[in-house]
Amino acid sequence: MQLLFRRRRAEITAELVDENLPLLKAPVLVLQGSEDTSAASSLCQSYAALAPNAELQLVSPGESNLPQEVPDVVAKYIREFAK
């Protein structure tokens with residue numbers, strides 16, 4: 001637990017993607033689980049709004065770990081997005 005509190009500001013800032021999302025040039029697919037927490041849903045919506053070429057898709061059913069929970073559905077969304 002102490003390791004968490006010894007982190008430097010640069011390490012913490014590097015994990016924050018919000019300020020870098022508007023710089024993305026490539027298309028972005030954001031998959032949000034329909035049964036996800038409200039905090040995770042808010043993050044998905046924010047990321048999709050900040051990235052210029054983002055597409056937000058609601059995956060149902062799905063919670064916070066879509067690749068683990070519904071890998072076939074995630075693969076389908078990725079294949080369709082990549083076309």
Side-chain angles (χ1 to χ4, degrees):
M1 187 64 135
Q2 288 182 352
L3 180 63
L4 180 64
F5 295 107
R6 291 186 193 165
R7 296 175 65 204
R8 296 184 181 174
R9 186 169 205 48
E11 292 174 293
I12 296 168
T13 303
E15 293 176 6
L16 303 175
V17 299
D18 293 12
E19 64 188 37
N20 294 317
L21 287 173
L23 305 175
L24 290 174
K25 304 281 188 234
V28 175
L29 175 62
V30 179
L31 298 177
Q32 174 186 333
S34 64
E35 299 167 26
D36 216 338
T37 65
S38 59
S41 295
S42 288
L43 280 176
C44 288
Q45 293 169 12
S46 294
Y47 293 162
L50 289 169
N53 298 310
E55 179 180 323
L56 176 63
Q57 291 289 333
L58 189 64
V59 178
S60 182
E63 292 181 26
S64 61
N65 191 359
L66 295 174
Q68 183 74 30
E69 296 168 6
V70 288
D72 294 339
V73 175
V74 169
K76 181 186 119 200
Y77 276 100
I78 293 171
R79 276 193 301 273
E80 290 176 6
F81 182 74
K83 286 184 182 179

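Quick note: residue numbers are just sequence positions, from 1.
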Exercise. If we only count heavy atoms from C-beta on, is the L29 to I78 side-chain gap below 4.5 Å?
Worked result: yes

For this session: Name all residues meeting the side-chain contact (heavy atoms from CB on, under 4.5 Å) criterion together with N65; count only those two or more places apart in sequence or in a different chain, and write none if there are none.
Result: P67, Q68, E69

Problem set entry | Sequence-distant partners of S64, side chain to side chain donor-acceptor pair (under 3.5 Å), two or more places apart | none

Distance-only criterion, 3.5 Å: show the donor-acceptor pairs between side-chain atoms of residues 44-63 and protein atoms not counting sequence neighbours.
| from | atom 1 | to | atom 2 | distance (Å) |
| --- | --- | --- | --- | --- |
| S46 | OG | S42 | O | 3.0 |
| N53 | ND2 | K25 | O | 3.1 |
| E55 | OE2 | Q57 | NE2 | 2.7 |
| S60 | OG | S34 | OG | 3.4 |

For this session: Identify whether L24 and L43 are in the same connected component of the hydrophobic contact network (ILVMFWY, side-chain heavy atoms under 4.5 Å).
Result: yes

